[in-house]
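To keep things clear, I will list the structure first and then write my remarks on it.
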Amino acid sequence: MKAKRILVILLLAAVVVTMGACKKSRYCHCISESYQNIALDGSTSTVADTVVVNVDRGFKCEHLKELGLQELKNGEYVTSTRKVDCLELDMDTVVTIPNEHPTDD
């Protein structure tokens, strides 16, 4: 009887460990600090970059403090480092991440 009890406990422990190992990565939603954006016509606006980053499961989103972001300026990509605040996304509730940009009509 005692052997059956130990076997059941070991089986449950194996199930719990394998269920935890199924999720290999996590998604972090990061927002940069606000900065001034200068348009071609000279007008300025305050903007903040938003990005979703896929990181390894062992990494915590809160530990991301800076990200290198690329922008297209004068036909060339320029990389700039920005301070960010990141939170983990619960991918069970987020069905899709929109990839559409608003159009000026």
Side-chain angles (χ1 to χ4, degrees):
M1 191 68 158
K2 192 172 185 178
K4 284 185 180 181
R5 183 181 227 178
I6 292 173
L7 184 61
V8 169
I9 290 172
L10 288 174
L11 183 63
L12 286 174
V15 168
V16 168
V17 168
T18 52
M19 287 180 67
C22 289
K23 194 172 180 182
K24 301 270 186 209
S25 63
R26 67 177 67 189
Y27 292 90
C28 303
H29 180 237
C30 301
I31 300 174
S32 73
E33 292 181 338
S34 299
Y35 63 96
Q36 287 287 346
N37 186 26
I38 302 173
L40 291 176
D41 62 0
S43 63
T44 61
S45 60
T46 304
V47 294
D49 293 306
T50 301
V51 66
V52 175
V53 181
N54 184 2
V55 296
D56 186 55
R57 186 72 188 154
F59 194 84
K60 294 191 179 206
C61 295
E62 293 81 18
H63 292 166
L64 282 173
K65 299 296 179 193
E66 288 186 343
L67 287 176
L69 302 172
Q70 288 187 339
E71 294 180 273
L72 184 62
K73 289 187 178 180
N74 300 328
E76 293 184 25
Y77 284 102
V78 178
T79 303
S80 59
T81 304
R82 298 212 178 91
K83 293 182 180 186
V84 292
D85 290 319
C86 299
L87 295 172
E88 182 177 354
L89 285 177
D90 184 10
M91 292 308 288
D92 294 336
T93 60
V94 178
V95 178
T96 60
I97 299 168
N99 195 17
E100 297 177 14
H101 299 288
T103 57
D104 297 329
D105 290 330

Calculate, to the nearest 0.5 Å, the distance between atoms CD and CD belonging to Q70 and E76 respectively.
-> 12.0 Å
Is it true that a side-chain atom of K60 and a backbone atom of R57 form a donor plus acceptor pair closer than 3.5 Å?
-> no
Cystine candidate C61-C30, SG separation under 2.5 Å | no
Distance-minimising heavy-atom pair for L69 and R82 | CD1-NH1, 3.5 Å
Distance, nearest 0.5 Å, that separates CG of L87 from NE2 of H29 | 8.5 Å
Decide side chain to side chain contact (heavy atoms under 4.5 Å, CB included) for V53 and C86; before the verdict, give the C-alpha distance in whole Å, the side-chain angles of both, and the deciding distance to 0.1 Å.
-> CA-CA 9 Å; V53 181; C86 299; over 6 Å; no
Linking directly or through intermediates, with side-chain heavy atoms under 4.5 Å: list the remaining ILVMFWY members grouped with Y77, chain and number order.
-> L72
Decide side chain to side chain contact (heavy atoms under 4.5 Å, CB included) for D85 and I31; before the verdict, give the C-alpha distance in whole Å, the side-chain angles of both, and the deciding distance to 0.1 Å.
-> CA-CA 6 Å; D85 290 319; I31 300 174; 5.6 Å; no
Would you mind telling me which of V51, V55, V84 makes a side-chain contact (heavy atoms from CB on, under 4.5 Å) with C28?
-> V55
